[in-house]
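Worksheet: the structure to be examined is printed underneath.
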Number of protein chains: 2
Amino acid sequence: MDVAHSGVLEVGIPVACRSCQARHGVVCGVLSSGQLKDLGRHSLRRKVDAGCEIIAQGSESSFYSNIMSGVVKLCKVMPDGRQQIVGLQFAPDFVGRPFVRESTLSAEAATDAEICVFPRSLLDRMISETPELQRSLHDQALKELDAAREWMLTLGRRTAEEKVASLLHLIATHAEPQTATSTAFDLPLSRAEIADFLGLTIETVSRQMTRLRKSGVIRIENFRHIIVPDMDELERMISA
Amino acid sequence: MDVAHSGVLEVGIPVACRSCQARHGVVCGVLSSGQLKDLGRHSLRRKVDAGCEIIAQGSESSFYSNIMSGVVKLCKVMPDGRQQIVGLQFAPDFVGRPFVRESTLSAEAATDAEICVFPRSLLDRMISETPELQRSLHDQALKELDAAREWMLTLGRRTAEEKVASLLHLIATHAEPQTATSTAFDLPLSRAEIADFLGLTIETVSRQMTRLRKSGVIRIENFRHIIVPDMDELERMISA
DNA sequence: ATCGCGATTTGATCCAGATCAAAGTTTGCG
DNA sequence: CGCAAACTTTGATCTGGATCAAATCGCGAT
């Protein structure tokens, strides 16, 4: 995936990583090379393991990130422990909510991932000053809004089988490589996480998965690796 | 509600309305008075009846609107007719998706409403040129994104009773007037629309409504008019 | 007023998906 | 290698909400 497209340019000066122990990152910057000077010393590339919480729900976070590789899940949990994944983000998405101190959701690496971290104060200022950056973040917000609303339809009106098919379609669409019709990919989510994304239980997810396998829509290897022989067939299941 | 806050200023020159038959509107404009001159002759205020479709799903729309009064529902429908309301908008929200030709959802007046209509081409240009407008639309997009994600939690993880309580809470929160704890309001949605917003059937909505009434959380008059004696109690039901 | 029709409520029954329970599988670690 | 803990699948049963089926209510038109 072309990272430069996202408005993120990698500069490549190796530095010690301040926030994660025993790892090192490289500096990266945002948008125009004129601004790289500003940002250079304040941002860094960082590796995070699967399960690592990038932003905690209800906390104030003092930084933003760009996803360089891997998958990040956005999650809301209720006081009694019920939880719902409200979005998946892939490279080169932006993580964090501009202009607002406290996050209403948590962001957690679903797979091992690399992110590029920026201090909030700096980036907030840059957003106000550079219209292209504002526009690029506005575009991503609108894209995420479309995705969220599409998922509301899935959560509210689709059956368990359609939900699972929708998830597979979503992942397949965002995880290359794919041939013309046949697609293979690794699921970035466990069964429990899939259940939390679809508003189902793990048992139901598992059962629908076997159902799709038995009906020939997908093949499963290693729990995680999925093959979709015919994407059209998968799309037909979603009736969309 | 303070409409000027939204970046919309009403100018108040009466003109014939081009798009709706037998009605008349008044010109209104966007943001700074310097730009009003530009926009003045191209936008108009318009009354729409409940049920009127402002933007059709899958169509290209050539205008944007601002809601001056009333409630607008955003709706997605599947080929087989299942449908899901994916958002409610109140004055002074902006309706329409900047920069994208085709809408993935329909916008329909849920109540009689007044909207202020702008030609797309003009506003797209203005958005690019005026950072405050861009910023204001960016903010609304982020607000809608938060609302959509909150609703995903409701759709995926709450029970029917909690869903209905969540809806009442949402409406109560956006429809004044309210005293310290007691609140009264008119529902802008029919039972069928509530069902489509909550991912339930009308029968379940009706049953949960009576349940809330019998347990004393709400009082119902006229199907449409609801009284919440104690908002705290309603909030406790949502566990949020 | 009364009629008629659509919206709402209420009741009876059904079923998709949840819950409870028990095997497999996979992975990491001593 | 072998065991333990976590994850996944499969099975049996239960249940919240859907579906099917009547009433009842409210409202505009005659």
Side-chain angles (χ1 to χ4, degrees), chain A residues 49-51 73 78 80-85 110-112 154-168 186-215 218-226 237 239, chain B residues 49-51 73 78 80-85 110-112 154-168 186-215 218-226 237 239:
Chain A
D49 292 329
K73 60 177 182 175
M78 294 170 65
D80 64 9
R82 284 177 285 179
Q83 70 178 73
Q84 175 71 42
I85 294 179
T111 63
D112 292 347
T154 298
L155 287 173
R157 290 303 186 198
R158 290 206 234 255
T159 65
E161 185 176 42
E162 291 171 326
K163 284 180 175 181
V164 171
S166 298
L167 178 90
L168 294 175
D186 283 309
L187 282 176
L189 302 177
S190 69
R191 296 292 186 266
E193 289 171 318
I194 294 174
D196 281 338
F197 199 14
L198 296 172
L200 299 172
T201 60
I202 53 176
E203 294 95 330
T204 299
V205 170
S206 180
R207 275 186 251 271
Q208 296 302 334
M209 214 85 137
T210 14
R211 224 156 101 76
L212 288 175
R213 177 171 55 71
K214 284 180 179 167
S215 71
I218 60 171
R219 280 188 296 145
I220 305 180
E221 1 222 279
N222 292 6
F223 300 126
R224 286 284 174 132
H225 196 73
I226 305 286
M237 304 215 52
S239 53
Chain B
D49 292 330
K73 60 176 183 174
M78 294 171 65
D80 63 9
R82 286 178 282 179
Q83 70 178 72
Q84 176 71 44
I85 294 179
T111 64
D112 291 348
T154 298
L155 287 173
R157 289 305 185 196
R158 292 206 232 254
T159 64
E161 184 176 42
E162 292 171 327
K163 284 180 176 181
V164 171
S166 297
L167 178 91
L168 294 175
D186 283 309
L187 281 175
L189 302 178
S190 70
R191 297 293 186 265
E193 289 171 317
I194 295 174
D196 281 338
F197 198 14
L198 296 172
L200 298 172
T201 59
I202 53 176
E203 293 94 330
T204 299
V205 170
S206 179
R207 275 185 251 272
Q208 297 302 334
M209 214 85 138
T210 12
R211 224 157 100 76
L212 289 175
R213 177 170 55 71
K214 284 180 179 165
S215 71
I218 59 172
R219 281 188 295 146
I220 305 179
E221 1 221 281
N222 291 7
F223 299 128
R224 286 285 174 131
H225 195 74
I226 304 286
M237 304 215 52
S239 54

Checklist line | Heavy-atom pair of closest approach, residues A:Ser239 and B:Met78 | finding: OG-CE, 3.4 Å
Next item on the list: Determine the minimum heavy-atom distance between A:Gly199 and A:Lys163, stating which atoms define it.
Entry: O-NZ, 4.0 Å
Checklist line | Spacing of B:Arg157 atom CZ relative to D:dG17 atom C1', expressed in whole Å | finding: 16 Å
Margin query: Rounded to whole Å, please give me the gap between CD in A:Glu161 and P in C:dA16.
Written below: 11 Å
Next item on the list: Among the candidates C:dT8, D:dG17, C:dT26, find the nucleotide nearest to the side-chain atoms of A:Phe223.
Entry: C:dT26
Margin query: Between P on D:dG26 and CZ on B:Arg224, what's the gap in Å once rounded to a whole number?
Written below: 14 Å
Notebook entry, point to check: Heavy-atom contacts under 4.0 Å between residues 202-211 of chain B and DNA chain D, which residues?
Noted result: B:Glu203, B:Thr204, B:Arg207
Note to self: Minimum heavy-atom separation for B:Pro188 and B:Thr111, please, with both atom names.
What the structure shows: CB-CG2, 3.5 Å
Check: Considering residues at least two apart in sequence or located in another chain, which fulfil the side-chain contact (heavy atoms from CB on, under 4.5 Å) criterion with A:Glu193?
Finding: A:Lys73, A:Ile85, A:Leu189, A:Ser190
Notebook entry, point to check: What's the NE2-C1' distance between A:His225 and D:dC7, to the nearest Å?
Noted result: 19 Å
Next item on the list: Under 4.0 Å from any atom of DNA chain D, heavy atoms only: list the residues of residues 191-200 of chain B that qualify, in numerical order.
Entry: B:Gly199, B:Leu200
Item checked: Least distance between heavy atoms, A:His225 atom then A:Asp186 atom -> ND1-OD1, 2.9 Å
Item checked: Distance, rounded to the nearest Å, where A:Arg158 contributes CZ and D:dG17 contributes P -> 21 Å
Check: For B:Gln208, which of B:Thr204, B:Thr210, B:Val205 qualifies under side chain to side chain contact (heavy atoms under 4.5 Å, CB included)?
Finding: B:Thr204
Check: Where do B:Glu162 and B:Thr154 land on the side chain to side chain contact (heavy atoms under 4.5 Å, CB included) test, with the steps shown first?
Finding: CA-CA 8 Å; B:Glu162 292 171 327; B:Thr154 298; over 6 Å; no
Next item on the list: Return the value, rounded to whole Å, for the distance between atom CG of B:Leu212 and atom P of C:dT8.
Entry: 17 Å
Next item on the list: Could you check how far CG of B:Leu189 sits from P of C:dT8, rounded to whole Å?
Entry: 10 Å
Item checked: Side chain of B:Thr201 - closest among D:dA18, C:dT10, C:dT8 -> D:dA18
Check: What closest approach, in Å, do B:Arg158 and B:Ser166 show between heavy atoms, and which atom pair accounts for it?
Finding: NE-OG, 3.5 Å
Item checked: Verdict with supporting geometry, B:Leu168 and B:Leu187, side chain to side chain contact (heavy atoms under 4.5 Å, CB included) -> CA-CA 8 Å; B:Leu168 294 175; B:Leu187 281 175; 4.0 Å; yes
Check: Rounding to a whole Å, what distance do you find between A:Asn222:CG and C:dT27:C1'?
Finding: 12 Å
